Amino acid sequence: MKVRKAVIPAAGLGTRFLPATKAIPKEMLPVVDKPTLQYVVEEAVESGIEDILIILGRHKTSIEDHFDRSVELELELQKKEKEDLLKTVRSISDLANIHTVRQKEPKGLGHAVLKAERFVGDEPFAVLLGDDVVYHEGDPCLKQLIDAYETHDASILGVQTVPREDVVKYGIVDGEQVDERLYTVNGLIEKPGVEEAPSNVAVLGRYVISPDIFPVLKKTPPGKGNEIQITDALLTLSEKRSMYAYDFKGRRYDVGDKQGFLQATVEFALRDPSLKESFKEYLRSLKL
Ligand code: UTP
């Protein structure tokens, strides 16, 4: 079945980025000139997704406003004959059919995904974390996973290998490599200690999941950090049906982390034709 729907959880507390995230969600922090969440929505759209559900938390209005029309702003830009900016602003609200739902309390990523049950219905769906940006010049990360889903007719986790000491930050796959970029998922463990990690293959914020996850999620008790973990539900699902991990191509940034945010900012600025040369010159002048 075709993957047409995507869910973007953006209801976390963003404690790693306080105080910036006191009044705005971390998914709205800009990388150069676009909020992180817009990069994620664009990736979904470029991967063929038609309907997107954003899971909102306590600061819901800035996200809803960003993807809605802004008539006053458009009129003002029109009056000032700022045609390029007008086009940019308008194009955001035309990106896709964007729906929203509220997660009243941040009880974990699994709990956030469960809020999408009615929206998803009986179809396979994508999950893209709202604070993970992946840059790739060819097929977008999600498109690569959707292709793998369509080939194998099984849930696919987007993974990359990480340095051994970083396994403590991610869901880690216990699996066997069966193809250049493909692993079977035989086990999964959320944020293991370096010693207990079965591998350094980490799940990095992109998934294509079969709708059978919902009954499993409903029965999944709180796990690590007392949160309902998507990793725990995926582990249960993998025991019933085959599941794969796909080592996607692309440079991934954890924008919810200060270091990742700064790396994204510098690298996207260096890719921006209007900033590239002057910014490079500035970086060189720092003589670190
Ligand atoms: P994170 O674990 O990175 O988000 O969740 P967090 O809890 O906000 O982070 P810190 O550690 O406090 O800084 C990954 C994604 O899942 C969403 C987050 O918004 C983020 O996009 N999320 C997490 C939810 O939507 N609901 C939750 O209950 C937890």
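Just follow the structure's listing: the first ligand is 1, and inside any ligand the first atom is 1. Note: hydrogens, waters and symmetry copies are ignored here, and every other heavy atom, side chains too, is used. Since we're looking at a predicted model, the values are computed, not measured.
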For [atom], what's the nearest protein heavy-atom neighbour? Residue, atom name and distance, please.
atom                    : value
atom 14 (C) of ligand 1 : Leu129 CD1, 3.8 Å
atom 25 (O) of ligand 1 : Ala11 N, 2.9 Å
atom 28 (O) of ligand 1 : Gly108 N, 2.8 Å
atom 8 (O) of ligand 1  : Gly14 N, 2.7 Å
atom 23 (C) of ligand 1 : Gly12 CA, 3.9 Å
atom 11 (O) of ligand 1 : Arg16 NE, 3.2 Å
atom 9 (O) of ligand 1  : Lys26 NZ, 3.2 Å

- Query: What about Leu182 and Val173, same hydrophobic cluster or not, with Ile/Leu/Val/Met/Phe/Trp/Tyr joined at side-chain heavy-atom distances under 4.5 Å?
  - Reply: no
- Message: If we check side chain to side chain donor-acceptor pair (under 3.5 Å) with Lys26, which of these qualifies: Thr21, Asp131, Asp257?
- Response: Asp131
- Parallel, tilted or perpendicular: ring planes of Phe268 versus Tyr253, cut at 30 and 60 degrees: tilted
Heavy atom under 4.0 Å from ligand 1: found in [X]'s side chain, backbone, both, or neither?
X      : value
Glu27  : side chain
Ala112 : side chain
Thr15  : both

- Query: How far apart are the closest heavy atoms of Ala112 and Ile55, and which atoms are they?
  - Reply: O-CD1, 3.5 Å
- Closest heavy-atom pair and its distance - Gln160, Arg252: OE1-CB, 4.1 Å
May I ask you to check whether [X] has an N/O atom sitting below 3.5 Å from an N/O atom of ligand 1?
X      : value
Ile55  : no
Phe17  : no
Asp131 : yes
Leu13  : yes
Gly256 : no

- From atom 16 (O) of ligand 1, work out which of Val255, Leu18, Leu109 has a heavy atom at the shortest distance. Leu109
- Selection from Gly130, Pro25, Pro9, Gly110 by shortest heavy-atom distance to atom 17 (C) of ligand 1: Pro9
With a 4.5 Å heavy-atom cut-off, do [X] and [Y] have their side chains touching?
X      : Y      : value
Tyr170 : Val203 : no
Ile98  : Ile54  : yes
Leu13  : Arg58  : yes

With heavy atoms of [X] as the reference, note each atom of ligand 1 found under 4.0 Å away.
X      : result
Lys107 : 28 (O)
Gln103 : 24 (C), 25 (O), 26 (N), 27 (C), 28 (O)
Pro106 : 28 (O)

- Would Phe119 and Val101 satisfy side chain to side chain contact (heavy atoms under 4.5 Å, CB included), going step by step from the backbone distance to the final call? CA-CA 9 Å; Phe119 164 80; Val101 69; over 6 Å; no
- Give a yes or no answer on whether the side chain of Thr184 reaches the backbone of Glu176 with a donor-acceptor pair at less than 3.5 Å. yes
- Message: Whether the side chain of Lys60 engages the backbone of Arg102 through a donor-acceptor N/O pair (distance < 3.5 Å, no angle test) should be reported.
- Response: no
- Query: Between Arg206 and Phe248, is NZ or CZ placed under 6.0 angstrom from the six-membered ring centre and within 45° of the ring axis?
  - Reply: no
- N-O pairing of Lys87 and Glu83 below 4.0 Å: no
- Could you tell me whether atom 2 (O) of ligand 1 has a protein heavy atom closer than 4.0 Å? no
